[in-house]
Amino acid sequence: MHRFFVDPKCFSGNRIILPADTAHQIRNVLRLRVDAPILVLDNSGAEFEVVLRQVDRQQVVGEAVAKRPSPNEPTVHLTLYQALMKRDKFEWVLQKGTEIGVSEFVPIVTQRSLVQDIDIKANKQARWHKILTEAAEQSRRGRIPELHPPQTLAQALENHPAHPGLIAWEDESRLSLRGALGGGERPSHISLFIGPEGGFAAEEVEAAQAAGIRAITLGKRILRAETAALVASALVLHELDIIQTGN
Ligand code: SAM
């Protein structure tokens, strides 16, 4: 069944007037007709079974006939702090990270990140949000991951919440990701910091450790930044979500 994230403002009781872009997709691309069922998500974690009641050039209207929590969200909230990289690589991390279950993305500027500008233009933010929305629809997520405005590593560390955090550092030789996650109470929220193509500077890792973030190794092979982002995120979700909850 086709799924669409729709702004809650489109709901009026059980009646949903689909926004223009979604209406176009339903009417002109998917060619769905009246009485066709679709799934609508309001990004609250709930999903609505909807029956199309009107499909014409004026508007597309549906009626919500059932509501339930979306079963597909991970039970651990992973925030990925990803150093800004070349656009295609960064956007690939947004898309694939959404598919595997990342809940929040924080783009960070580090000493060696190729992009040093934390002011991202509105059209790029909109593009990034579209990538997240489409990946969330395709992977049947119950929520669209949150995307923060870019910030410096120092700002990210200063504002880091009290939950556990890991920074992947290829010069770390002792603590593995499993070692860092094993034992103790399973966290409901965890952060993961991944550096840019040029890696974190030693003093950046030290600053992270001073903020309570633990440095971990991902093994002896050096992964590209985008590879490390996906591998480490998948391993965290696998350790904390799939293994422990069978989710
Ligand atoms: N210093 C690396 C080199 O020699 O090519 C450059 C950094 S690596 C391409 C990009 C990022 O991926 C790093 O900042 C780190 O966060 C992560 N990373 C890659 N391989 C890793 C490993 N074996 N252990 C921990 N982190 C790794």
Side-chain angles (χ1 to χ4, degrees), residues 76-118 120 128 131 135 145-161 163-183 187 189-241 243:
V76 61
H77 187 109
L78 171 57
T79 301
L80 177 59
Y81 290 79
Q82 177 60 54
L84 282 171
M85 302 180 283
K86 283 192 189 123
R87 183 175 99 167
D88 56 338
K89 291 180 180 179
F90 185 80
E91 292 180 357
W92 186 84
V93 169
L94 291 180
Q95 183 188 61
K96 300 308 171 193
T98 299
E99 291 172 39
I100 64 171
V102 171
S103 295
E104 250 178 282
F105 292 94
V106 182
I108 53 174
V109 171
T110 66
Q111 283 180 31
R112 301 176 191 159
S113 47
L114 292 182
V115 176
Q116 289 293 324
D117 184 2
I118 61 171
I120 294 289
W128 286 357
I131 289 170
E146 188 177 353
L147 175 63
H148 292 266
Q151 50 194 272
T152 64
L153 176 62
Q155 289 167 329
L157 293 175
E158 189 182 331
N159 303 324
H160 188 263
H163 61 248
L166 306 172
I167 182 166
W169 190 36
E170 58 281 13
D171 291 352
E172 169 59 34
S173 57
R174 286 170 296 103
L175 186 60
S176 69
L177 188 140
R178 170 161 278 189
L181 298 177
H189 196 148
I190 189 162
S191 299
L192 176 62
F193 289 74
I194 301 288
E197 292 92 336
F200 286 117
E203 58 269 28
E204 289 178 319
V205 177
E206 284 158 20
Q209 290 172 311
I213 307 294
R214 302 174 76 187
I216 56 160
T217 175
L218 297 176
K220 296 195 182 329
R221 288 169 295 288
I222 300 297
L223 310 178
R224 286 179 181 273
E226 63 274 23
T227 312
L230 265 293
V231 166
S233 297
L235 289 173
V236 167
L237 287 163
H238 192 264
E239 281 297 316
L240 296 181
D241 186 48
I243 283 188

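Both ligands and their constituent atoms are indexed starting at 1 by order of listing.
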S.K.: Check each atom of ligand 1 against the heavy atoms of Phe200 and keep those under 4.0 Å away; list them by number with element.
M.R.: 14 (O), 16 (O)
S.K.: Using a 4.0 Å cut-off to any heavy atom of Ile216, which atoms of ligand 1 qualify?
M.R.: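 This gives 25 (C) as the contact atoms.
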S.K.: With heavy-atom distances below 4.0 Å as the criterion, list the atoms of ligand 1 near Gly195.
M.R.: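 Counting atoms of ligand 1 from 1, those under 4.0 Å from Gly195 are 11 (C), 14 (O), 16 (O).
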S.K.: Looking at atom 12 (O) of ligand 1, what's its closest protein heavy atom, distance included?
M.R.: Ala228 CB, 3.3 Å
S.K.: For ligand 1, which atoms, with element, lie under 4.0 Å from some heavy atom of Pro196?
M.R.: 7 (C), 10 (C), 11 (C)
S.K.: Kindly give the heavy-atom pair with the smallest separation between Ala228 and Leu218, and that separation in Å.
M.R.: CB-CD1, 4.0 Å
S.K.: Does an N or O from Arg221, backbone or side chain, lie closer than 3.5 Å to an N or O of ligand 1?
M.R.: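 Looking only at distances, the answer is yes, because the N/O contact criterion of under 3.5 Å is met.
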S.K.: Can an N or O of Ala225 be found at a distance shorter than 3.5 Å from an N or O of ligand 1?
M.R.: no
S.K.: Please write down residue, atom name and distance for the protein heavy atom closest to atom 3 (C) of ligand 1.
M.R.: Ile222 CG2, 3.6 Å
S.K.: How far is atom 24 (N) of ligand 1 from its nearest protein heavy atom, and which residue and atom name does that atom have?
M.R.: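 The closest heavy atom on the protein side is Leu218 N, 2.9 Å.
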S.K.: Is Gly219 in polar range of ligand 1, meaning some N or O pair under 3.5 Å apart?
M.R.: yes
S.K.: Should Asp171 and Phe200 count as side-chain neighbours, where that means a heavy-atom distance under 4.5 Å?
M.R.: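 They are not in side-chain contact.
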S.K.: Which of the atoms in ligand 1, numbered in the order shown and given with their element, are less than 4.0 Å from a heavy-atom of Ala168?
M.R.: 15 (C), 16 (O), 25 (C), 26 (N)
S.K.: Using a 4.5 Å cut-off on heavy atoms from C-beta on, say whether the side chain of Ile108 contacts that of Pro196.
M.R.: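 When only atoms from C-beta onward are counted, Ile108 and Pro196 do not touch, as no gap falls below 4.5 Å.
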S.K.: Taking all non-hydrogen atoms of both residues, which atom of Ala135 and which atom of Gln95 are closest, and how far apart?
M.R.: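 Reported closest heavy-atom pair: CB-O, 3.8 Å.
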S.K.: Give a yes or no answer on whether the side chain of Glu172 reaches the backbone of Arg174 with a donor-acceptor pair at less than 3.5 Å.
M.R.: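 Side chain of Glu172 to backbone of Arg174: a pair is present.
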S.K.: Identify the protein heavy atom lying closest to atom 19 (C) of ligand 1, giving its residue, its atom name and the separation to 0.1 Å.
M.R.: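 Residue, atom and distance for the closest contact: Leu223 O, 3.1 Å.
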S.K.: To which protein heavy atom is atom 13 (C) of ligand 1 closest, and what is the distance rounded to 0.1 Å?
M.R.: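 Checking every protein heavy atom, the shortest distance to atom 13 (C) of ligand 1 gives Glu170 OE1, 3.4 Å.
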S.K.: Which of these passes side-chain contact (heavy atoms from CB on, under 4.5 Å) with Leu78: Ser233, Pro187, Ser103?
M.R.: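 The single option meeting the side-chain contact (heavy atoms from CB on, under 4.5 Å) with Leu78 is Ser233.
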S.K.: Any side-chain heavy-atom pair from Ser191 and His160 closer than 4.5 angstrom?
M.R.: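 When only atoms from C-beta onward are counted, His160 and Ser191 do touch, with a gap below 4.5 Å.
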S.K.: At a 4.0 Å cut-off, with the gap strictly under it, does some heavy atom of Ile167 reach an atom of ligand 1?
M.R.: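 So Ile167 does not count as touching ligand 1.
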S.K.: Looking only at heavy atoms, which two atoms of Glu197 and Leu84 are closest? And how far apart?
M.R.: OE1-O, 4.4 Å
S.K.: When you measure from the side chain of Glu204 to the backbone of Gln111, do you find a donor-acceptor pair of N or O atoms at a distance under 3.5 Å?
M.R.: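 Side chain of Glu204 to backbone of Gln111, a donor-acceptor pair under 3.5 Å: yes, one is there.
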S.K.: Relative to the heavy atoms of Glu197, which atoms of ligand 1 are at a distance of less than 4.0 Å?
M.R.: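 Ligand 1 atoms under the 4.0 Å threshold to Glu197: 6 (C), 7 (C), 9 (C).
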S.K.: Do the side chains of Leu175 and Leu166 get nearer than 4.5 Å, heavy atoms only?
M.R.: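 Leu166 does not reach Leu175 side chain to side chain.
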